[in-house]
Amino acid sequence: VILSQFVRGFAEAVADQVTLGVQQLAAGLEGAAQSGYRAVGKPVEGTILTVARRAGEEAQAAAADGVDLLQFWERVLRVTERAVVETTDQLEALRHAGVVDAGAQGYRLILDAFYRTARGESIEGDELAAAAPVASQALVAAQRLGEGGLGFCTELMIQHAAADETAIRSFMESIGDSVIVVGDDDLMRVH
């Protein structure tokens with residue numbers, strides 16, 4: 001759900017553009033991060049959100065410095081890689097398990113695919129296959145540490161909700177954790 005909000009925020013930030021240069025990509029990455037943070041009721045640092053925010057900040061700085069497209073992606077990716085590694089120290093559960101946040105690593109892979117594409121390289125499976133153990137390590141660590149409540153998540157869609165997003169989020173937080181509510185008056189997605 002958070003990734004969908006990143007895509008939405010990116011798309012909204014560049015909606016009127018015919019082509020995407022460094023300035024537009026920077027606006028898109030910043031819009032993605034902001035949209036992700038807005039979607040989460042209680043944002044937690046050391047997650048995919050942190051990595052997206054840091055990528056957006058570096059994208060804005062690189063664009064302001066007037067770099068070319070490859071330099072732009074190199075800078076964004078370098079900061080993103082560092083931010084992923086730092087997730088281990090930002091969350092106790094990750095520190096205890098000795099792993100990085102799996103969502104953060106996934107976001108880094110997406111940005112790496114943009115970089116590789118800009119260089120004319122293939123983005124076929126090698127690196128994606130290497131990411132799977134990271135995600136499974138994080139899951140095993142969370143289970144070992146007793147995180148995750150009941151061990152499952154529930155997602156639902158609410159069409160033409162009688163309550164607003166804030167009221168729905170508040171109610172869901174009273175009965176669960178890691179709540180995300182996104183959407184509009186016509187359709188809301190709840191995690």
- Is any NZ, NE, NH1 or NH2 atom of the basic residue among Glu74 and Arg78 found under 4.0 Å from an Asp or Glu carboxylate oxygen of the other? no

- Message: Does this structure show an ion pair linking Arg8 with Glu12, if we count only N-O contacts that are shorter than 4.0 Å?
- Response: yes

- Item | Contacts of Arg169 that satisfy side-chain hydrogen bond (donor to acceptor under 3.5 Å, both in side chains) - sequence neighbours left out | Glu165

- Message: What verdict does the side-chain contact (heavy atoms from CB on, under 4.5 Å) test give for Asp101 and Val51, after you've listed the backbone C-alpha separation in whole Å, the side-chain angles of each residue and the deciding distance to 0.1 Å?
- Response: CA-CA 10 Å; Asp101 181 76; Val51 173; over 6 Å; no

Nearest 0.5 Å, what's the [atom1]-[atom2] distance between [X] and [Y]?
{"X": "Leu25", "Y": "Gln60", "atom1": "CG", "atom2": "CD", "result": "11.0 Å"}
{"X": "Arg189", "Y": "Ile158", "atom1": "CZ", "atom2": "CD1", "result": "12.0 Å"}
{"X": "Glu58", "Y": "Thr80", "atom1": "CD", "atom2": "OG1", "result": "8.5 Å"}
{"X": "Glu86", "Y": "Arg54", "atom1": "CD", "atom2": "CZ", "result": "4.5 Å"}

Is the shortest heavy-atom distance from the side chain of [X] to the side chain of [Y] under 4.5 Å?
{"X": "Trp73", "Y": "Leu111", "value": "yes"}
{"X": "Glu45", "Y": "Leu91", "value": "no"}
{"X": "Phe6", "Y": "Leu49", "value": "yes"}
{"X": "Asp186", "Y": "His160", "value": "yes"}

Could you tell me which non-hydrogen atom of [X] sits nearest to which non-hydrogen atom of [Y], and how far apart they are?
{"X": "Phe10", "Y": "Leu29", "answer": "CD1-N, 3.6 Å"}
{"X": "Leu69", "Y": "Ala118", "answer": "CD2-CB, 4.1 Å"}
{"X": "Ala163", "Y": "Ala167", "answer": "CB-CB, 4.0 Å"}
{"X": "Ile180", "Y": "Ile2", "answer": "CD1-CG1, 3.5 Å"}
{"X": "Thr87", "Y": "Thr47", "answer": "CG2-N, 4.3 Å"}
{"X": "Phe72", "Y": "Ala62", "answer": "CD1-CB, 3.9 Å"}

- Query: Step by step, would you call Arg95 with Glu92 a salt bridge (charged side-chain N to carboxylate O under 4.0 Å, His left out)?
  - Reply: CA-CA 5 Å; Arg95 181 175 26 258; Glu92 181 60 34; 2.9 Å; yes

Side-chain donor/acceptor of [X] to backbone N/O of [Y], under 3.5 Å:
{"X": "Gln23", "Y": "Ala63", "result": "yes"}
{"X": "Ser35", "Y": "Gln5", "result": "yes"}
{"X": "Thr117", "Y": "Ala113", "result": "yes"}

[X] and [Y]: same hydrophobic cluster, using ILVMFWY side-chain contacts below 4.5 Å?
{"X": "Val85", "Y": "Val99", "answer": "no"}
{"X": "Val7", "Y": "Tyr107", "answer": "no"}
{"X": "Val79", "Y": "Val67", "answer": "no"}
{"X": "Val181", "Y": "Phe171", "answer": "yes"}

- Message: One pair to check against side-chain contact (heavy atoms from CB on, under 4.5 Å): Arg75 and Asp65. What are the steps and the verdict?
- Response: CA-CA 11 Å; Arg75 282 182 56 174; Asp65 290 345; 2.7 Å; yes

- Query: Given Arg53 and Thr50, is the side-chain contact (heavy atoms from CB on, under 4.5 Å) satisfied, shown in steps?
  - Reply: CA-CA 5 Å; Arg53 177 181 48 77; Thr50 305; 3.6 Å; yes

- When you look at Tyr115 and Val76, which way does the side-chain contact (heavy atoms from CB on, under 4.5 Å) test go after all the steps? CA-CA 9 Å; Tyr115 171 62; Val76 170; over 6 Å; no

